[in-house]
Amino acid sequence: MDMQETPARGTAIRPLDRSFFGRSPRRVARDLLGKVLIRDVKIRDVEVRLAARIVEVEAYLGTKDPAAHATAGNTARNSVLFGPPGFAYVYFIYGNHYCLNVSCEREGQAGSVLFRALEPLQGLEQMARSRGIPLPAARHLSRLTSGPGRLAQAFAITRSRDNGRDLTSPASGLWIGEDGFRARSIQVTPRIGITKAAEQRLRFILPGNSFLSHPRILRP
DNA sequence: ATATCGATTATCT
DNA sequence: GATAATCGATATG
């Protein structure tokens with residue numbers, strides 16, 4: 001019944017340490033491609049792991065970036081962005097969706113990276129349940145996690161539950177791991193879905209991956 | 001296949 | 001009161 005996909009082959013997954021995130025959002029975004037987002041939860045006394053490879057991200061540059069939530073300064077909503085690196089910033093948008101970021105740089109510098117699309121590896125049935133759709137035929141699998149709102153829903157990420165969570169710690173139950181995967185190539189494109197500073201090339205993708213949120217928008 | 005539009009609420013002006 | 005780092009449904013080619 002349970003369809004268990006093979007995670008990355010070979011080695012165990014190990015967490016990224018905080019210094020990985022203590023860099024510019026561009027570099028963190030680029031280096032996050034190919035890493036794995038993991039959620040460990042206990043459901044009815046059974047440990048369940050959700051795992052998915054990061055295939056699309058966007059960098060937001062902090063207070064100097066008109067498109068960033070940090071542009072208005074430190075507020076109750078975005079204060080995680082102004083804290084130390086490696087923590088989850090979760091916000092609610094359009095009255096419907098949560099989106100996940102990870103804080104970058106250092107305390108006081110509000111750079112971040114938005115998770116835009118994942119390739120599911122493990123726990124697909126649970127992701128489908130969280131999304132409220134039956135585990136679909138292979139051609140529709142990308143609907144599970146292709147898009148910032150979709151991936152947050154697949155991982156049951158909400159602001160009340162996950163804002164401020166430490167993404168470098170497996171003990172937090174939501175964390176980012178490295179499994180030895182190496183991206184063959186990386187492509188940079190303009191960011192998606194924003195009105196301000198939309199021209200900047202701050203979206204990073206694994207080109208050709210079938211789980212991208214907008215496979216067609218590339219403009220290399 | 002692409003285009004348009006309504007949903008629904010936290011946050012900020 | 002307006003807007004938003006989106007999604008899914010519907011309409012149309």
Side-chain angles (χ1 to χ4, degrees), chain A residues 21 24-26 28-30 32-33 37 52 54-82 85 87-105 109-118 120 127-137 139-165 167 176 187-205 210-219:
Chain A
F21 299 99
S24 78
R26 294 171 194 270
V28 175
R30 166 172 283 262
L32 275 175
L33 290 176
L37 181 69
I54 298 165
V55 302
E56 175 182 342
V57 292
E58 282 176 356
Y60 287 84
L61 307 183
T63 54
K64 64 179 186 293
D65 180 355
H69 289 180
T71 195
N74 189 334
T75 69
R77 178 205 201 189
N78 66 20
S79 62
V80 171
L81 296 177
F82 291 84
F87 290 84
Y89 166 54
V90 180
Y91 66 90
F92 188 59
I93 191 77
Y94 294 111
N96 273 302
H97 312 286
Y98 293 99
C99 297
L100 173 69
N101 292 245
V102 59
S103 61
C104 301
E105 298 181 294
Q109 297 293 107
S112 63
V113 173
L114 170 69
F115 292 75
R116 287 200 53 95
L118 308 173
M127 293 182 200
R129 269 195 291 276
S130 296
R131 292 271 294 117
I133 55 181
L135 191 59
R139 70 179 191 282
H140 290 149
L141 276 183
S142 73
R143 298 176 61 77
L144 287 181
T145 53
S146 62
R150 288 170 178 169
L151 73 87
Q153 189 179 24
F155 276 67
I157 289 166
T158 66
R159 178 167 169 93
S160 59
R161 176 154 54 226
D162 297 307
N163 190 52
R165 205 175 279 279
L167 298 180
I176 301 168
Q187 194 164 39
V188 189
T189 82
R191 293 183 293 193
I192 288 180
I194 57 175
T195 53
K196 288 161 283 192
E199 73 289 350
Q200 294 192 59
R201 295 156 56 85
L202 291 170
R203 172 175 175 257
F204 299 82
I205 63 175
S210 55
F211 293 87
L212 299 177
S213 66
H214 292 253
R216 205 170 131 276
I217 301 175
L218 294 176
R219 258 188 284 188

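Below, chain A is the first sequence line, B the second, and so on; all start at residue 1.
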Checklist outcome for this item: Checking A:Asn163, A:Val80, A:Thr158 against A:Val90 for side chain to side chain contact (heavy atoms under 4.5 Å, CB included), the one that qualifies is A:Asn163
Next on the checklist: Under a 3.5 Å cut-off for both contacts, is C:dA5 paired Watson-Crick or G-U wobble with anything, and if yes, with which nucleotide?
Outcome noted: none
Checklist entry - Is A:Thr195 near enough to C:dT3 that one of its side-chain N or O atoms lies under 4.0 angstrom from OP1 or OP2? => result no
Item to check | Between C:dT3 (C1') and A:His97 (NE2): distance, integer Å | outcome: 15 Å
Item to check | side-chain N/O A:Arg159 vs B:dT11 OP1/OP2, d < 4.0 Å | outcome: yes
Item to check | Base-pairing assignment for B:dT8 (Watson-Crick or G-U wobble, both under 3.5 Å) | outcome: none
Checklist entry - Which of the following nucleotides, C:dA4, B:dT11, B:dT8, is nearest to the side chain of A:Asn96? => result B:dT8
Checklist entry - Heavy atoms under 4.0 Å, any strand shown: does A:Leu114 hit a base, just sugar-phosphate, or nothing? => result base
Next on the checklist: Counting only side-chain nitrogens and oxygens, does A:Arg77 get under 4.0 Å of the OP1 or OP2 atom of C:dA4?
Outcome noted: no
Checklist entry - With a non-hydrogen cut-off below 4.0 angstrom, is A:Phe92 in contact with a base, only sugar-phosphate, or nothing? => result sugar-phosphate
Next on the checklist: Taking the side chain as everything from C-beta on, heavy atoms only, tell me whether A:Ile176 gets closer than 4.5 Å to A:Phe21.
Outcome noted: yes
Checklist entry - At under 4.0 Å, does any side-chain N or O of A:Arg150 touch on OP1 or OP2 of C:dG8? => result yes
Next on the checklist: Taking the side chain as everything from C-beta on, heavy atoms only, tell me whether A:Leu118 gets closer than 4.5 Å to A:Leu37.
Outcome noted: yes
Checklist entry - Does a nitrogen or oxygen in the side chain of A:Arg116 sit under 4.0 Å from OP1 or OP2 of C:dT6? => result yes
Checklist entry - Would you say A:Thr75 reaches B:dT11's phosphate, i.e. side-chain N/O to OP1/OP2 under 4.0 Å? => result no
Checklist entry - Knowing that exactly one of A:Leu61, A:Leu32, A:Val28, A:Leu81 qualifies, which makes a side chain to side chain contact (heavy atoms under 4.5 Å, CB included) with A:Cys104? => result A:Val28
Checklist entry - If you look at every strand shown and take non-hydrogen atoms under 4.0 Å, does A:Gly95 touch a base, only sugar-phosphate, or nothing? => result base
Item to check | Distance in angstrom units between A:His69 NE2 and B:dT11 P, rounded | outcome: 11 Å
